[in-house]
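Order of the sequence lines fixes the chain letters, A, B, ..., with proteins taken first and strands second; residue numbering starts at 1 for each chain.
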Amino acid sequence: DTGVSQDPRHKITKRGQNVTFRCDPISEHNRLYWYRQTLGQGPEFLTYFQNEAQLEKSRLLSDRFSAERPKGSFSTLEIQRTEQGDSAMYLCASSFSSGGYTDTQYFGPGTRLTVL
Amino acid sequence: QQPVQSPQAVILREGEDAVINCSSSKALYSVHWYRQKHGEAPIFLMILLKGGEQKGHDKISASFNEKKQQSSLYLTASQLSYSGTYFCGTEILESGGGADGLTFGKGTHLIIQP
């Protein structure tokens with residue numbers, strides 16, 4: 001078990017550019033979550049997938065953000081027309097759920113985005 | 001809806017004990033505790049479900065007071081490796097538990113000095 005991995009670990013971009021991040025969950029996990037963390041704050045929930053279905057989105061997820069998990073394995077998070085306020089650490093977490101019970105979410109190392 | 005953690009920061013000598021609290025204004029289904037070191041992923045510590053259970057492993061334990069909607073994390077005989085920021089993540093009862101994202105507090109910074 002290699003844990004949750006994320007790529008890239010760091011991304012610097014100019015305002016207005018599009019960026020895409022990738023998350024590879026723990027292999028047997030059926031749920032995948034995206035969070036955003038800014039300095040001095042706890043992670044903030046963005047969205048989550050059950051297999052390939054996107055089941056919940058936070059109101060933090062503006063229309064510039066889109067997430068996919070096409071085959072129920074890895075996931076991508078795309079931010080279009082980046083703004084300086086998008087600068088943050090983007091964390092991915094995965095879990096296994098057999099349904100009906102709270103599950104343990106395991107986090108990846110994150111992608112740190114800096115928008116200049 | 002964001003849980004409130006206290007204290008914001010703690011400085012201890014190695015071997016001393018610490019208590020970190022997490023309070024919610026909403027009825028909680030579960031509380032999840034994580035530790036995060038600078039630049040690293042949050043590491044899962046434990047989950048507590050409604051019902052007032054208490055859990056622990058090694059010298060770290062936690063309790064969940066369902067009536068007060070409060071959870072406490074206890075670190076006994078702290079070690080240098082315990083340094084980091086501790087976050088509680090909560091699921092509110094009306095969400096039914098399970099598949100929702102966690103709502104995290106702002107964290108408690110713990111510094112252990114030799």
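For B:Lys37, the NZ atom sits in a packed shell: over 12 heavy atoms of surrounding residues, nucleotides or ligands are nearer than 6.0 Å. Counting non-hydrogen atoms of neighbouring residues, nucleotides and ligands closer than 6.0 angstrom, the CD atom of A:Glu78 exceeds 12 such neighbours. Crowding of A:Leu116 atom CG: a count of heavy atoms from other residues, nucleotides or ligands under 6.0 Å exceeding 12. Heavy-atom contacts from other residues, nucleotides or ligands closer than 6.0 Å to CD1 of A:Ile12 number 12 or fewer. Within a 6.0 Å sphere centred on CZ of A:Arg64, heavy atoms belonging to other residues, nucleotides or ligands number more than 12.
Under the 4.5 Å side-chain contact rule for hydrophobic residues, A:Ile79 and A:Phe74 do not share a cluster. Hydrophobic clustering keeps A:Met89 apart from A:Leu39 (ILVMFWY residues linked when any side-chain heavy atoms are closer than 4.5 Å, directly or through intermediates).
With a threshold of 4.5 angstrom between heavy atoms, B:Gln2 approaches chain A through side-chain atoms but not through N, CA, C or O. For a residue to count as touching a neighbouring chain, one of its non-hydrogen atoms must lie under 4.5 Å from one of that chain's; by this rule A:Arg112 does not touch chain B. At a 4.5 Å heavy-atom cutoff, A:Glu44 makes no contact with chain B through either its backbone or its side chain.
Taking each heavy atom of A:Gly108 and B:Ala41 in turn, the nearest pair found is O-CB, 2.9 Å.
The candidate with the highest count of non-hydrogen atom pairs below 4.5 Å against chain B, out of A:Leu46, A:Leu91, A:Thr104, is A:Thr104.
A distance of 6.0 Å or more separates the ring centres of A:Phe45 and B:Phe104.
No side-chain heavy atom of B:Leu102 sits under 4.5 Å from any side-chain heavy atom of A:Tyr33. Contact check for B:Phe44 versus A:Phe107: no side-chain heavy atoms found under the 4.5 Å cut-off.
Residue B:Phe87 holds its CZ atom at 8.5 Å from CD of A:Gln41, rounded to the nearest 0.5 Å.
The closest donor-acceptor contact from the side chain of A:Tyr106 to the backbone of B:Ile43 lies at 3.5 Å or more, if one exists at all.
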